[in-house]
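A short write-up of the structure that comes next.
Lettering of chains follows the sequences in order, A, B, ..., and the numbering in each one begins at 1.
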Number of protein chains: 2
Amino acid sequence: MKIDPNSSADLSAQIAQAIKDSIVEGRLIVDERLPSEAELADQFQVSRPTVREALKRLAAQSLIRTQRGAFGGAFVNRISFEDAYSQQITTSTLLLSMNAVSFDTACEARFALERACAPLSARRRTPDHLATMRAEIVRQSQPGLSDETFCASDVTFHRALVDGAGNPVLSYQLAGAVEAMQPLMNMITFTARSREVIVGLHTRIADAIEARDAAAADTALVELTTYTMTLKDSVMAARAAARETLGG
Amino acid sequence: MKIDPNSSADLSAQIAQAIKDSIVEGRLIVDERLPSEAELADQFQVSRPTVREALKRLAAQSLIRTQRGAFGGAFVNRISFEDAYSQQITTSTLLLSMNAVSFDTACEARFALERACAPLSARRRTPDHLATMRAEIVRQSQPGLSDETFCASDVTFHRALVDGAGNPVLSYQLAGAVEAMQPLMNMITFTARSREVIVGLHTRIADAIEARDAAAADTALVELTTYTMTLKDSVMAARAAARETLGG
DNA sequence: AGACTTTTAAATGTCAGACAAATAAAATAT
DNA sequence: ATATTTTATTTGTCTGACATTTAAAAGTCT
């Protein structure tokens, strides 16, 4: 692990990259202890605060964890799905909220990925997954639900569908797509009528998953996609009209 | 933004979380300048090194960037797809390499997601995407290619297929799944015979995408999935047999 | 001998103060 | 008007110190 003191990059960034490379390429293995901060400072010929900044960069990516006290130190972390989930959700949310992505693009990606999970979910879902879906459908049918609650329930429903596939990698990938869409979905479920339609489609999806009927699940998902896009278009049109009225 | 000095968590972690929340929830917007390190230290009632550790955590997640000099400082970063890609790839690679995921699970996820892209790619692929796919097929047909080169080309081929869908969110999601699989794929393409079959299937996929035939592309992808799993099983069996011989 | 308590050493967490280096605005000189 | 120099601000880095945590080691009591 070498660093270049004359490089334009920060020393702490270079050190973090060097250690990261060691982890990714397997030179440092899970639960292995890194040298102490003082030793690292000595090895890289920098001060301890610089080493610490590098270690904090790695900790922020869940690549290491630190423990205080004698025989403490920095240890290579076995990255968990939970860690990966939350990173994924944060990144996806920011990508969408910073307007780098249109609603259409995000929506298309989300439903394309979800359709990929549906056949697997039809085959492998457990009674637990089904129970979650049914429970959320009941919740969504309650009158007077806030948009936030409705959409949170929507997310739970779809995550149960995805988790039903029994593939943690798919769950991890979809977590970002589904959760990040929630704020965007909030704005299109404000009428009782649109909620009714969504609940109806959710019921058809749950029925199909229960019957292990992949084709029916796919059909319902496609309809939900189409309906979501339609709703979004009408919301946009209504807003444009409102602006027109105000402007004129 | 408040922090609790008596909490068990590090001050720098708390500060990083507080600022992160401000960004995710929109109180800090893209390109907005954060207070200087000295001001932050004052606000949070901590020292500058502690503030710096917090900022480095955020920089590691591409949430902020820093600039030296007068009128420099820390600015909220507009997260780019490139940043998101590389984070995604690192996380996925680590998840797989740390053995949290079996080959079967990773493979299933990868091809399920890829099948989700294929119909979109058949509809929207540009001549550029097709040209990349064809070029990589030619490369893969060359004799004497190293496993690494063959698999790197494989990744490029599949990324062209995915990018053909013209949906950056899908490309971003798939980047992790496809790239992270590469090291695992390396071990199953060591015979000329298996490469021939893979190239044949790639050709069928490219043909289908060129003809905008989504169904044919899907069929070929399914066959590629099956074949990949078969190859992996035979590799595993061969290894087990080799161990048996050595052990007996 | 065994169980409990105290000591100790090592490591991270935090702080204070200083200087270096970069950078853009402001002031100055041409 | 342009080019150069100065200056103030801010991040990057270093040194040295102390606080806190922790587990092993040593000591003490039964």
Side-chain angles (χ1 to χ4, degrees), chain A residues 1-20 22-23 28 31-77, chain B residues 1-20 22-23 28 31-77:
Chain A
M1 296 195 290
K2 286 280 166 53
I3 59 170
D4 171 17
N6 300 320
S7 160
S8 63
D10 294 357
L11 290 176
S12 69
Q14 290 181 59
I15 293 169
Q17 187 62 50
I19 297 175
K20 182 175 175 176
S22 292
I23 294 173
L28 289 171
D31 292 334
E32 187 171 339
R33 183 181 174 282
L34 272 64
S36 72
E37 294 174 354
E39 287 174 298
L40 285 171
D42 217 51
Q43 280 182 29
F44 286 113
Q45 288 286 297
V46 297
S47 67
R48 193 159 82 95
T50 301
V51 167
R52 281 184 60 82
E53 287 179 10
L55 293 180
K56 295 313 155 203
R57 288 178 191 264
L58 299 174
Q61 299 172 273
S62 303
L63 288 172
I64 61 169
R65 62 180 184 279
T66 55
Q67 240 173 350
R68 290 174 74 163
F71 299 78
F75 298 83
V76 177
N77 218 5
Chain B
M1 295 196 291
K2 284 278 165 58
I3 60 171
D4 170 17
N6 299 322
S7 160
S8 63
D10 293 357
L11 292 176
S12 68
Q14 291 182 58
I15 294 169
Q17 188 61 50
I19 298 175
K20 182 174 175 176
S22 292
I23 295 173
L28 288 170
D31 291 335
E32 185 171 342
R33 183 182 175 282
L34 272 64
S36 73
E37 294 175 355
E39 287 174 297
L40 286 172
D42 218 49
Q43 281 182 28
F44 287 112
Q45 287 289 297
V46 297
S47 67
R48 193 158 81 92
T50 301
V51 166
R52 281 184 61 80
E53 286 178 11
L55 294 179
K56 294 313 155 201
R57 288 177 190 265
L58 299 174
Q61 299 172 271
S62 303
L63 288 173
I64 61 168
R65 61 180 184 278
T66 54
Q67 241 174 349
R68 291 173 73 162
F71 298 79
F75 299 84
V76 177
N77 218 6

Return whichever of A/Ala38 or B/Thr50 has its heavy-atom-nearest nucleotide of DNA chain C closer to the 5' end.
A/Ala38

Measure the distance from [atom1] on [X] to [atom2] on [N] and round it to the nearest whole Å.
X       : N      : atom1 : atom2 : value
B/Phe44 : C/dC15 : CZ    : C1'   : 17 Å
B/Phe75 : C/dT23 : CZ    : P     : 12 Å
B/Phe71 : C/dA22 : CZ    : C1'   : 14 Å
B/Leu58 : D/dT11 : CG    : C1'   : 15 Å
B/Leu40 : C/dC15 : CG    : P     : 14 Å
A/Glu37 : D/dG16 : CD    : P     : 17 Å
B/Lys56 : D/dT13 : NZ    : C1'   : 11 Å
A/Leu55 : C/dT14 : CG    : C1'   : 15 Å

Can you name the closest pair of heavy atoms from A/Arg48 and A/Ala38 and give their distance?
CD-N, 4.3 Å

Heavy atoms only: give me the nearest B/Ser12-A/Lys56 pair and the separation to one decimal.
OG-CD, 4.5 Å

Nucleotide of [options] approaching [X] most closely (side-chain heavy atoms):
X       : options                : value
B/Val46 : C/dG13, C/dA24, C/dC15 : C/dC15
A/Ser36 : D/dT9, D/dT11, C/dT12  : C/dT12
A/Leu11 : D/dT13, D/dT11, D/dT21 : D/dT13
B/Ser47 : D/dT9, D/dT10, C/dC15  : C/dC15
A/Thr66 : C/dA25, C/dG13, C/dA9  : C/dG13

Within less than 4.0 Å of OP1 or OP2 of C/dG13, is there a side-chain N or O belonging to A/Arg52?
yes

A/Arg68 side-chain N/O to C/dA10 phosphate OP1/OP2 under 4.0 Å:
no

With nearest nucleotides of DNA chain D determined for A/Gly69 and B/Gly69 from heavy-atom distances, which residue corresponds to the more 5′ nucleotide?
B/Gly69

Pick the nucleotide of DNA chain D nearest each of A/Glu53 and B/Gly72; which residue has the one closer to the 5' end?
B/Gly72

Checking only heavy atoms, does the side chain of A/Arg48 share a donor-acceptor pair with the base of C/dT14 at less than 3.5 Å?
yes

Looking across every strand, which nucleic acid part, if any, lies under 4.0 Å from B/Arg65 by heavy atom: base, sugar-phosphate, or nothing?
nothing

Rounded to the nearest 0.5 Å, what's the gap from CG on B/Leu55 to CD on A/Glu53? Could you check?
9.0 Å

Rounded to the nearest 0.5 Å, how far does CD1 of B/Ile23 lie from CD1 of B/Ile64?
7.0 Å

B/Leu34 pairs by side-chain contact (heavy atoms from CB on, under 4.5 Å) with which of B/Val51, B/Thr66, B/Leu28?
B/Leu28

